Amino acid sequence: MTVLITGGAGFIGSNFIVYFLNKCPNIKIINIDKLTYAGELSNLNEIKKHKNYNFIKGDICDRNLIEKLFKEYNFNGVINFAAESHVDNSIKSPNEFINTNVLGTFNLLDVAKNHWMSAPNQVNKNHIHSRFLHISTDEVYGTLGEKGLFTEQTSYAPNSPYSASKASSDFIARSYFHTYGLNVVTTNCSNNYGPKQHDEKLIPTIIRKALKNEDIPIYGDGKNIRDWLYVEDHCKGIDLAFNKGNAGETYNIGGKNERNNLYIANTICEILDSILPKGTSYKKQISFVKDRPGHDYRYAIDASKIENELGWEAQENFETGIRKTIDWYIKKYQG
């Protein structure tokens, strides 16, 4: 089996490739990544010399390249991680998000459909089991109040250019299943954390600023709530959706770990106080900055569908996962 993984040098993609190759060493993986600021080849040092792994620098918006790769490798699967994903950047430069997340996903779906199928609902015999897994986000559902959870039936209501672009890509993926019969599965995940996340994201920023004795910036009053999912738990869910999910279905993957941003900052500071104590608590570095425009108040996922249908279960709660994460970043930032 040969799988095209897009965006595999990013945070979740690189964690998944290492997990997937360790679990299934006979699968051949072709990783295409544009290597923007969010892609880092060192994330893949563990497997860069693996005989079944090959990296190609390229852009999913380059249709000719995608067609060439399909002809050369005859992929049996696509797992699409490639996306612009930082909300603040989408507010400043929405065009890049539309190009990569919408046009790029369309290119992948369309080339896969043309390669795997001869006509709508007519699959070429050597691609009966070929599958396209599209990785998305809970942000497509908008924001929640104090109560309730996002389910697979929740109406889409994206509030940022990032989430709007991801919602668009989800709908294109859905249309390729319903119109052409392409074997598509979509996963929508909650906020990931863990090793290899880009420095700009919330948890790496808190750790980095704390260790540098700089102000730790928290948006608004710090009460915005996210459902935190440890990245390796997410990788296990992706694996299950890719191998066991039903075509045309969506699976929400969430950690059942709702925490607000101020709790996260305080927890990280308390752990650092215990393992790298200094004269005063790291909490004194916490500062509040002007809130992000259109900042969604709360996300939380009901993951019961993937739990009940595919047997997925998160292994880490936030308090266990954050300790592993802090240990990894201390090594990164302090050598």
Side-chain angles (χ1 to χ4, degrees), residues 2-21 23-24 27-44 47 53-62 65-66 69 75 77-87 89-90 96-97 99-109 111-112 131-140 162-163 165-170 172-173 184-198 200-201 229-243 245 250-253:
T2 304
V3 179
L4 174 65
I5 294 184
T6 69
F11 166 43
I12 302 172
S14 62
N15 274 282
F16 179 77
I17 288 174
V18 173
Y19 168 84
F20 204 39
L21 268 180
K23 180 175 176 280
C24 308
I27 284 181
K28 186 170 185 180
I29 289 177
I30 309 300
N31 172 22
I32 180 173
D33 196 294
K34 191 178 174 182
L35 293 183
T36 62
Y37 70 95
E40 179 54 66
L41 280 180
S42 64
N43 288 343
L44 295 151
I47 51 86
Y53 170 75
N54 189 20
F55 172 75
I56 294 167
K57 183 178 180 182
D59 187 346
I60 60 170
C61 292
D62 183 347
L65 174 62
I66 301 302
L69 293 176
F75 299 118
V78 176
I79 303 178
N80 179 33
F81 292 96
E84 294 282 351
S85 66
H86 191 51
V87 176
N89 291 347
S90 83
E96 295 174 20
F97 286 69
N99 284 334
T100 297
N101 299 355
V102 182
L103 179 60
T105 300
F106 162 73
N107 275 339
L108 293 167
L109 285 161
V111 173
R131 164 162 288 178
F132 191 111
L133 180 62
H134 176 58
I135 311 294
S136 192
T137 171
D138 59 357
E139 295 193 38
V140 297
Y162 161 60
S163 55
S165 68
K166 288 299 289 184
S168 301
S169 66
D170 293 5
I172 296 167
V184 175
V185 172
T186 298
T187 58
N188 296 78
C189 68
S190 59
N191 275 43
N192 279 225
Y193 70 102
K196 304 179 182 179
Q197 192 167 24
H198 192 271
E200 73 188 359
K201 297 291 188 172
L229 175 65
Y230 190 64
V231 66
E232 188 162 318
D233 283 330
H234 187 198
C235 292
K236 292 171 184 172
I238 293 166
D239 180 22
L240 284 167
F242 183 65
N243 284 297
T250 295
Y251 297 93
N252 284 350
I253 309 175

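Everything quoted here is computed from the prediction, not taken from an experiment.
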Excluding sequence neighbours, so at least two apart, what forms side chain to side chain contact (heavy atoms under 4.5 Å, CB included) with I30? T2, L4, K28, N54, I56, Y73, F75
Looking at residues at least two apart in the chain, or sitting in another chain, which of them share a salt bridge (charged side-chain N to carboxylate O under 4.0 Å, His left out) with [X]?
X    : result
K34  : D59
K236 : none
K57  : none

Got a sec, which pairs hit side chain to side chain donor-acceptor pair (under 3.5 Å) with one end in residues 6-16, sequence neighbours left out? T6-N80
Name all residues meeting the side chain to side chain donor-acceptor pair (under 3.5 Å) criterion together with [X]; count only those two or more places apart in sequence or in a different chain, and write none if there are none.
X    : value
N107 : none
D170 : H134, S136, Y156, N188
S190 : none
N99  : none

Taking side chain as C-beta onward, heavy atoms only, is [X] less than 4.5 Å from [Y]?
X    : Y    : value
I29  : I47  : no
I12  : I135 : no
L35  : F55  : yes
Y251 : L240 : no
Y19  : I238 : no
F106 : C61  : no
N43  : F11  : no

Taking all non-hydrogen atoms of both residues into account, name the closest pair between [X] and [Y] and its distance.
X    : Y    : value
S165 : N101 : OG-ND2, 2.9 Å
H198 : A38  : CD2-CA, 3.8 Å
S168 : V102 : CB-CG2, 3.7 Å
G194 : V231 : CA-CG1, 4.2 Å

If you look only at pairs with a residue in residues 187-196, which of them pass as a salt bridge (Lys or Arg N to Asp or Glu O under 4.0 Å), with sequence neighbours excluded? E46-K196
Tell me, please, which residues at least two apart from F132 pass ring pair (Phe, Tyr, Trp, His ring centres under 6.0 Å). none
Kindly write out the residues that satisfy ring pair (Phe, Tyr, Trp, His ring centres under 6.0 Å) with F16, not counting sequence neighbours, or none if the list is empty. F20, F81
Do side-chain atoms of R131 reach the backbone of N243 as a donor and acceptor pair under 3.5 angstrom? no
About how many Å separate CD1 of I17 and CD1 of I5, when rounded to the nearest 0.5 Å? 4.5 Å
